[in-house]
Amino acid sequence: MAQVKNRLTPFFENITFDREDNELVLNFGPQHPSAHGQLRLMLHLQQEQIVKAHPDVGYLHRGMEKMAENMIYNEFMPTTDRMDYIASSSNNYGFALAVEKLIGLEVPRRAKVIRMMLLEINRLMSHLFWLATTALDIGAMTVFLFAFREREYLMDIIEGYCGARLTHAAIRIGGVPLDIQDDFLHQLRVFLNKLPQNIKDYEDLLDTNRIWLMRMEEVGTISKEMAHSWGCTGPMLRASGTAWDIRKEEPYELYDEVEFNVPYSDKGDNFARYRIYMEEMRETAKILYQTIEMYEKCVENNETALMAHAPKYISAPKLDIMTQNYSLMQHFVLVTQGMRPPVGEVYVATESPKGELGFFINSQGGPYPYRLKLRAPSFWHTGILTDLLPGHYIPDVVSIIGTTNIVFGEVDR
Amino acid sequence: MRAYTPKDDVQAKSYYTDRFYVAPQVPKDDVSTDATFSADLEAIKAKFEVKDAFIQVEQMVVYINANDIYGVLELMRDELAYTQLTEMSAIDWLAKDNTFEIFYQMLSMTKRKRIRIKYFIENGQAVDSVEKLFRSADWSEREMFDMFGIEANNHPFMKRILMPYDWQGNPLLKTYPLEGDEFAAWYEVDKIYGKEAREAIGPEIRDTARVDRYDSERFARLGFEVPKGTEITDDMPRTEQNYQEEGGVFMVTKLDKKSSKVIDDPQR
């Protein structure tokens, strides 16, 4: 390659750094450790106080909606892993459920139970990760190490199930590909029996910790109106006084059969969100205990089906494909051409660990979705920083970004 | 004759569709089957023109006029308790009839209901911003502008959000290829070195995944390696390298390609 003169000049989008007034423009990120990935914030400062905040996203934009329009439905499943990569099964599930609703499929009960287990394990993983990184941002190294240790056990269980630790692709349209491994339930029980003590350890370290309280209490207060107006969901909404959990209000899978509470708070500040994450971990453990019982009942009743029976859309079980000619032919068509869902539209929302994860699919009867819109909760939880940050001080930025629990795979998609 | 490839929709197409295949429809229910939805629809109908309304997969879809959107969403928020704008975006129908379909996904937490408000706009027409009603529309309208080029009137900051500010083209249009257009391919080169450097740099350097068979610095000549840094020209013969021990090892005979027999006839 010939030597070509480099024309790289700083590019600051018409932002003047020299100002007549006393305002300073600070460029926070996109490579800041506490920016949780690729968040860039343009902060206008008066002394240390923020007067204007301008979140700039898109550094991790991969065009997933475009990719979806050029992929058959099953092909897109591993791509959904890369949205919220902290809890990737919940993305798989949201997409699978949307396509199932579009087709009108009923998933076998055993698969539903396994899916619920995976979803709740993912929720625990995500909440533990949140706790670890937020505590680390605030400076609590111990909590980070503790929470990552517990998350590691969960990752091992998931790895035993699907072979992957972060990008699971563990759920298929129409069910789950595999039954859980032999020691899955045992490992899960061992973990769950220890979890209350673990959560108590975190709380002992944080709840009365003076530094933690100073960084969390009365910081980043989101009013109920603001949360609704910005389309906040999940813990962000529940911390602001609305007890809205899609698992409870619009139950999917078997969430109407399990008992759990929806923790919520009226305070709306960072500390309220922290408390909600901790309480949700306890509720998730409750759900997981119940799913273990449900699974054992499935085994007792000899319900073995893991995938829905719908030859037009779903391949037959492997045994049938290998032994029956017609199943093999159908499998071949479904793999090479892809399934063709009916013409229509569907929007399906699920409660991912971060909030409402929605998939909007417009199908024109072809093997590729005509339009697929990914509704990721973190997108709006990042947008709210525009209104939330002004009035706060620089150190608050870090703790507020922490408690919004944004993941940039999901924001930028 | 060369097969005709449409320019207005360059997305992936099914390579085979049965001639007699009729795609089934997702059933549409009448609004009167649901009491809450029919009450909501009556309230909207009292003030605005409703072009079509039905229930599909547990959610009501309402088609309205494009310039009623602000009023309809205001009515829904203030009187019908649809307090959240969950999502809004567009669907590209330019290839079919030069229109965009805009949808607004609304959620009522007290009624536990979801309604999708939809309308069509012509290509080049702008939509009315609802950012004053729902702050979440601030970002979603920017995303729609970024992806489809649809502008929103009265929006406070109508700039791209996911793509760079100086990007050309709207990625989610059906006319935009998946691998990007020429501008996308040369974006970094144009920006860092200038357009005139395109020739000097060439497509092979631009593409980081490219493997050059004349490159003796990397592992591009597997089986035909030369000492590192050797100048390789087009007419240079490719001499195969063998890495098996001269004497052979226990139980393994050294492969001699010249004396080995290649079976050409698959039937034998």
Exercise. A/H381 versus chain B, heavy atoms under 4.5 Å apart: side chain, backbone, both or neither?
Worked result: neither
Exercise. Between A/W230 and B/W139, how do the two ring planes meet: parallel, tilted or perpendicular, split at 30° and 60°?
Worked result: perpendicular
Problem set entry | Derivation of the side chain to side chain contact (heavy atoms under 4.5 Å, CB included) call for B/Q11 and A/Y368 | CA-CA 9 Å; B/Q11 305 310 300; A/Y368 305 97; over 6 Å; no
Exercise. What's the verdict on side chain to side chain contact (heavy atoms under 4.5 Å, CB included) for B/I91 and A/E345, showing C-alpha distance, side-chain angles and the deciding distance?
Worked result: CA-CA 11 Å; B/I91 304 173; A/E345 243 177 29; 3.6 Å; yes
Problem set entry | A/K66 side-chain N/O to B/L173 backbone N/O, donor-acceptor pair under 3.5 Å | yes
Exercise. For A/P55, is it the side chain, the backbone, both, or neither that has a heavy atom closer than 4.5 Å to a heavy atom of chain B?
Worked result: both
Seminar exercise, completed: Honestly, the part of B/K118 sitting under 4.5 Å from a heavy atom of chain A is side chain
For this session: Validate the cation-pi geometry between A/K373 and B/F103: distance from NZ or CZ to the six-membered ring centre under 6.0 Å, angle to the ring axis within 45°.
Result: no
Exercise. Tell me the ring-ring contact (aromatic ring centres under 6.0 Å, His included) pairs involving residues 231-253 of chain A, sequence neighbours left out?
Worked result: A/Y93-A/Y252, A/Y252-A/Y255
For this session: Indicate whether the side chain of B/R135 and that of A/T386 have a donor and an acceptor atom separated by less than 3.5 Å.
Result: no
Exercise. Which is it for B/L162 and A/D412 under the side chain to side chain contact (heavy atoms under 4.5 Å, CB included) test, yes or no, and what are the steps along the way?
Worked result: CA-CA 7 Å; B/L162 292 175; A/D412 298 339; 3.9 Å; yes
Problem set entry | From A/M71 atom CE to B/L178 atom CG, the distance as rounded to the nearest 0.5 Å | 8.0 Å
For this session: Please list, in residue-number order, every residue in residues 360-367 of chain A that has a heavy atom less than 4.5 Å from any heavy atom of chain B; write 'none' if there are none.
Result: A/F360, A/N362, A/Q364, A/G365, A/P367
Exercise. Just how far is it from atom CE of B/M109 to atom OG1 of A/T233, taken to the nearest 0.5 Å?
Worked result: 7.5 Å
For this session: Could you tell me the separation between the CG atom of B/L107 and the CD atom of A/E250, rounded to the nearest 0.5 Å?
Result: 6.5 Å
For this session: Answer with side chain, backbone, both or neither: which region of A/H61 has an atom nearer than 4.5 Å to a non-hydrogen atom of chain B?
Result: side chain
Exercise. To the nearest 0.5 Å, what is the distance between CZ (A/R375) and CD (B/Q105)?
Worked result: 9.5 Å
Problem set entry | Distance under 6.0 Å and angle within 45° of ring axis: B/R116 vs A/Y347 | no
For this session: Considering only NZ, NE, NH1 and NH2 on the basic side and carboxylate oxygens on the acidic side, decide whether A/E356 and B/R114 come within less than 4.0 Å.
Result: yes
Exercise. Contact part of A/L372 toward chain B, heavy-atom cut-off under 4.5 Å: side chain, backbone, both or neither?
Worked result: neither
Exercise. Is any side-chain N of the basic residue among A/R413 and B/E143 closer than 4.0 Å to the acidic one's carboxylate O?
Worked result: yes
